[in-house]
Q: 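Sharing a structure with you now.
Numbering of ligands and ligand atoms starts at 1, following listing order. Everything numeric in this text was worked out from a predicted model, so none of it was measured.
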Amino acid sequence: MLSGKRILLGITGGIAAYKTTFLTRLLIKAGAEVRIVMTESAADFVSPLTLATLSRNPVIHNFKKQEEHSTDWNNHVELGLWADLMLIAPATANTLAKIASGQCDNLLLACYRSAKCPVFFAPAMDLDMYRHPSSEKTFKTLESYGNLHIPVGVGELASGLDGEGRMAEPEDIVSFLESHLRKGLPFTGKTVLITAGPTYESIDPVRFIGNHSSGKMGFALAEKAAEMGAEVILITGPTHLQAQNASISCYRVQTALEMHAKTQEHFKAADVIIGAAAVSDYRPVSVYDEKIKKKGASMELQLTENPDIIASLAQQKTKQYIVGFALETENEMEHALDKLKKKRLDAIVLNSLKDPEAGFGGERNKVTFIDKNSDIIPFDLKQKSAVASDILNEIHKRINP
Ligand code: C5P
């Protein structure tokens, strides 16, 4: 959820500021870009150098930059507009009260005033300060501005008292941000199972039957589904690709039988299944223990049929919306419609090897989405990530009519 998100982290002067080192690290690990603005007193609690190193960006607290008489200054408007979200953590009683009363006497507050993005605040104060009636009033005021309140934790406080007022733990702050970002996304609460890549069917210890599938289409679908809020189970044959989004659980297999077994394991959890893998239809009857020696001018290899993974899942279907792919070289539409019916799928994505630049290995694809009611939606040649969006949007329309 946080991957690629631009986060403006505002740190104010409370002891919980030391936890922003962990918080920054977690945000960076989640793929976010982080810029930090501190109040003067925050720097008494945590070192700007540590935070600059962790965030990979200079930490700022002043309008003025170091260079004397520079025309270049820390522009709160630019920072406010840059951010996809602003997080004030820890948010002290002082800063919260200043926001609530409209004060703007430091760079952090000016950034807050300039931010057009959602603003989250994670209060941190001692027990009695937290319990003071003005706290509740301040929180309500900020909430009325549309700011999002990350509730405090309960436990030991810096004063030695025990109770409410601790800043939420960094992990909880990250989860809070993630669940907010996930809300309202089309696939939130859905699990999408995707097969990708080729399968390798061993002949002997060094040879196999495979195909030219790169896995790029399946991985693009996985990334896009995760961006659209889904939990993704990606089951892939051999490929060098790596899943980036933390919502993708990636399982690597070699053969069609292994892919079949893995899909069976995860089938029940899935709401949507997309078969983007180029599964080998056949495998050698037996795998030789030793490398086969060259003998004569010809040789025969006996093959046996692999299970049709997507068709076997469609047979066990309960709630799942099941989509296959059809890569055709001739009579494309006829063959795709035939597969849709025979495999008892809800929809099929047709791509033709006749389309220049489309299909295996490349960065782009040209597909037609066909559902079981013979609704046919052709798309232009596009980057695979845009193709993935088109496919997932068509699925979404059909599972949420
Ligand atoms: O029959 P064909 O291989 O053209 O069908 C393609 C569709 O069926 C794809 O969605 C592919 O992932 C799936 N398939 C499968 N198991 C097989 C063969 C194909 O799941 N053994």
Q: I'd like to know if K293 pairs up with E290 as an ion pair, taking the criterion as any Lys NZ or Arg NE/NH1/NH2 lying under 4.0 Å from an Asp or Glu carboxylate oxygen.
A: no
Q: Is the count of non-hydrogen atoms from other residues, nucleotides or ligands lying under 6.0 Å from K294 atom NZ greater than 12?
A: no
Q: Below 4.0 Å from any atom of ligand 1, which residues have a heavy atom? Give them in chain and number order, please.
A: G275, A277, V279, D281, P307, D308, I309, I310, G324, F325, K339, K343
Q: Quick one: list whatever passes ring-ring contact (aromatic ring centres under 6.0 Å, His included) with F267, sequence neighbours left out.
A: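 F267 satisfies ring-ring contact (aromatic ring centres under 6.0 Å, His included) with no other residue.
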Q: Please name all residues satisfying side-chain hydrogen bond (donor to acceptor under 3.5 Å, both in side chains) with D128, sequence neighbours left out, ordered by chain then number.
A: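 Partners of D128 by the side-chain hydrogen bond (donor to acceptor under 3.5 Å, both in side chains) criterion come out as none, since no residue qualifies.
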Q: Mind checking what makes side-chain hydrogen bond (donor to acceptor under 3.5 Å, both in side chains) contact with H180, not counting sequence neighbours?
A: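 For H180 there are no side-chain hydrogen bond (donor to acceptor under 3.5 Å, both in side chains) partners, ignoring immediate neighbours.
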Q: Give a yes or no on whether the backbone of I292 and the side-chain of D204 come within a donor-acceptor separation of less than 3.5 Å.
A: yes
